Structure formats: structure tokens, C-alpha cells
Amino acid sequence: MLDIKLIRDQPELVRAGLAKVGVEAAEVERVLDSDARRRKLQFELDELRARRARDSKELGKASLEERDAKRAEMRALGDRITSGERELAELEGECERMLLELPNLPRPHVPIGKSDADNKIVRGEGTPREYSSFKPLPHWELGEKLGIIDFDRGVKLSGTRFHFLVGAGARLERALIAWMLDIKTLEQGYLEVAPPLMVNTAAVIGSAHLPKFADTMYRDFEEDFYFIPTAEVPLTNMYAREILDADRLPIYLTAYTPCFRREKMSAGRDVRGIKRGHQFDKVEMVKLVHPEKSDEELEKLVENACEICRRLEIPFRVIQMCTGDLGFAAASKYDVEMWAPGCGEWLEVSSCSNCWDFQARRAQLRFRTGKGAKPEFVHTLNGSGLGLPRTLIAVLENYQNEDGSITVPPVLRPYMGGAERITK
RNA sequence: GGAGAGGUGGCCGAGUGGUCGAAGGCACCAGAUUGCUAAUCUGGCGUACUGGGUAACCGGUACCGAGGGUUCGAAUCCCUCCCUCUCCGCCA
């Protein structure tokens, strides 16, 4: 959520920033108009309430006759206040709803662009291997031949976009999770948490997945529960509505969780293989940092994701999102993509965002520098560290051998009971 | 699911219709003081919105789990909901 005071005080700056992400100036005007009406009413109402408090106090000391005489008048004042409060609540709701639907402002250095076509490749490491003696297979063929991915039975139970990982496939994923978490916690300074996978509406508003993206999430309509689309939701909300001491920052959190997504927007896309499912595993990184540090913390976050690719010895590249491809909450964003020779594409295995104070304002996530200092919003960042299905794809496809077996990446062998190969 | 108890400021805890944004204590901050490593004294110490001021700051309003109601006036009375604890049942 943007700061209403920023919109009020520097509307031209907000208009210009939002124009870059495709928001029309009229939307800003509507917010300003609503805010002006809200403030006017608030002021009038406050005066009425002050009068009531004063007069009521006097009435309490007055004689019985005086009380009876004034009661009707006071009652009328009370009724005016009640109706004013209703109107104010409506105006506040209207203003709030509009603010919740406005996307974040991009950082000034983010390249201007309309779509993913305008994104920038900023760097890469490793070279896609040449295959002279055989044609690399896509993971869905490798997985089925080895019996480590069972698509048919997944579909039988749950429909399209579901699969079983079986035997060494399940273990390989578990190895990746354990290995990644060890790097996050032992080397990169993250605190591991195991968060709730179902969260309430407030949490999902906090992370900015609501109100705009309600139809992307699974939901329990009887209880107030959303199934998390990413661990970003519980992690960024972990300290919601709290005021942290400044010396607790930065807070680095990591979690392995399943994620649940309806994928309505991508109906028919990526239906083959395990690239895009309704349910997938992910190791997530979230940072809560001092506002002055968030730009540099984003660079470190991306590097934390890259390190996983690097140690797997799989070619990867870093893409800087242009303004048109930032998404709703990010002020600045990088994707990390791994090369998959079987399906012949760069797979987005991580998406790292600096959300500035956008989520923190929604989640009321603040810190205080010292006694008497004003609470300030922290900056929140999040990134995958990495998404499991696509990492698994990259491992299978890059480490496949001509005979159809998979070499276990050296870094994973300790997590695979020492196994060096996955064979039929 | 049933029965009971309870939700007050960072924490503990008083407060059953007006003088309560809320006693008292702890913690914390500032100052004073003592030559003994901490004690004592004094003052300060919530958040949000909002009016005024360049600002330090001054003022108004709201907030005692949430939302409604009664009343001139609600932390206090009534209703609904949420949460926590204890016991029972049920399921693991």
C-alpha cells in the first residue's frame, strides 16, 4: 500500500511512478478526492464529539431539571454523531479499498518497459552443455522412464497438474530441500521456520495477494483460511502489527513449504511435466530490513539464490524485470533462471523482490530506532531459494546420461545416502 | 462438540456508568545524587487519524480482544463473534 500522505503531498511524483507500471492518473485523482472528503468529515465529526464530551460531563453535574431540559438536545447531537460515524466508516472503507488496489511504485533505476520482452539479462554463469552423442530428453520422459515421476496416477487422484514423485525422485527432492535449507541457515544467515500453511485474510492482505488476486488462491470458505500460495505470506506477516526494536533488524527468514495455486491465469500453459502445478514445494527467503538497506539487501538476496544454482553447477542467468513486469508489490525485482536442456528453455527458479514499505504498511510491520523515536515501516524482501519442481527439472535434464540414468550432483550425494546415480 | 474461567498500555495488574488514556508495580529513558558496580529521588514513558506551525511543538478525536446495542455519557450494562486457559467428550 502506498502512503496516503505521499499521494497527498506529492501527487505528481506518484502519478509519474504509477504511469510506469500502467496505472492511469485518474485512479490517483479518485483516491485524492476520497481522502479529501474523508478528512473534512473527520474534522467535523471530531468537533461534534468534543462538544458531546464537554456537555455530557456538565450534564452529569447538573440538577435533575436541567438534565431533563437538555436531554433531547443531547440526544439529537448523539444521533448526528452516530450517523457521521457511519458515513466516516464508509468513506474510510472506500479510501482503503482504493489504496489496497494500487500497485507499488517502481524504484527509479528499474528499466522502463511494457512486458517481459523489455526485461534485461544482467548476468549469467555457466554455459549450456553441447550434446553431440545424444539428444537430451525432457524431464517428463526421463522421469517416467526411470519410474521416479508418475504423472498418470497423479492425474487419476487429482487431475491435471498433479503427479507423484516416487522413490529416488521423492528422495532427490527431499535432498534438495535439506541441502538448500542447510545453506540458508548455516552459511547465509537465515533463521529457519516452519510456518502455518493456512492463513487468515489479514495475512493475505498484508502480503498484497489480496484483494486483487483472490482467484489465484485456494480457500476454505467456512473458516477464514487461505492456503498459502507461497511462504512469503506467512513469513512477511510473522511480525505483523508489531513494533520491533531497530537492533533486531535485519531479520532473515527461510522456510520450506508446499505452495498452492489455482493457476487460472495460465490455463493451458505449461501443462506438460512438473513445471507448473497446483501444488509445489519451495524453499523461500524473506528479509525484514532497515529502509536504507533494502536496495543492497536485494542484491544479496539474488546472490543467495544464485549460489544454489552455482553449486549445482547448472547454467543460470539473472533477469532484471522492467517496470511493466514488476508485478503488484515489487518496487524492484530480479528473476533467476536455470537452463533446462531437455525442454530447451530457461526456467524461472527464483523471483527476488524488494517490496519497499508496501507490504509493511499493509501488515503494520514497524520498527523503532530508540525510546521516543517514531515507529517506521520496515522494508520487506522475498525470493525463492529455490522453487523445487523447476530445480528438479534442471537437475534431471542437466545431469542425464546417454543411458537414461541421472548422475546425482556431487553436492547432493551426502543427502542421498551417498548415491552417485539414479538408475532404473 | 459440552461445561467453566478469562481477554485492560512493553509486561504484571486495579478499575461495575461520568472526575479513566486509564491507579499501582516492573521494565525502559532523561536528570539529580551517593565513591563502590548498584541503590535512592524527580520527571518522562502507547498507537492512529486529524487541525495549526518551516520545525521543535501545541491542540482535537479515536482506541481497554472485534463488531453491534442501551444511555445525555460505556473499559464498566446487554447481544453476537474471535481468541486463550482448565475439565469432559471425540478424533489422532
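Keep in mind the model is a prediction, meaning the values are calculated, not measured. Atom set for the values below is all heavy atoms of this structure, side chains included, hydrogens, waters and symmetry mates excluded.
Position along RNA chain B of the nearest nucleotide to A:Lys5 versus A:Ile243 favours A:Ile243 as the more 5'-ward residue.
Side-chain atoms of A:Phe43 lie closest to B:rU50 of the nucleotides B:rU61, B:rC49, B:rU50. Among B:rC72, B:rU50, B:rA48, the nucleotide with an atom closest to any side-chain atom of A:Met74 is B:rC72. Listed nucleotides B:rU61, B:rA48, B:rU50 differ in distance to A:Ala50; the shortest reach to its side chain belongs to B:rU61. Comparing atom distances between the A:Arg52 side chain and each of B:rA48, B:rG73, B:rU50 picks out B:rG73 as nearest. Relative to the side chain of A:Ser56, the nucleotides B:rA62, B:rG18, B:rU47 differ in distance, and B:rG18 lies closest.
In terms of heavy atoms, A:Ile148 sits closest to A:Ala168 at CG2-CB, 4.1 Å. Smallest separation of non-hydrogen atoms from A:Val378 and A:Arg366: CG1-C, 4.1 Å.
Between A:Arg75 and B:rU71 there is a side-chain polar atom (N or O) within less than 4.0 angstrom of OP1 or OP2. OP1 or OP2 of B:rA48 has not a single side-chain nitrogen or oxygen of A:Arg361 nearer than 4.0 Å. Taking only side-chain nitrogens and oxygens, A:Arg38 comes nearer than 4.0 Å to OP1 or OP2 of B:rU50.
Ion pairing of A:Lys40 with A:Glu44 is present here, as a side-chain N (NZ or NE/NH1/NH2) and a carboxylate O approach within less than 4.0 Å.
Residue A:Arg71 is classed as a base contact, given a heavy-atom separation below 4.0 Å to a base. Looking at heavy-atom distances under 4.0 Å, A:Arg54 makes no contact with the nucleic acid at all. Among the heavy atoms of the strands lying under 4.0 Å from A:Arg8 are primed sugar atoms or P, OP1, OP2 only; no base atom is included. A:Arg51 comes within 4.0 angstrom of nothing in the nucleic acid, heavy atoms only.
Using Watson-Crick or G-U wobble geometry with both donor-acceptor distances under 3.5 Å, B:rU37 finds no partner in any strand shown.
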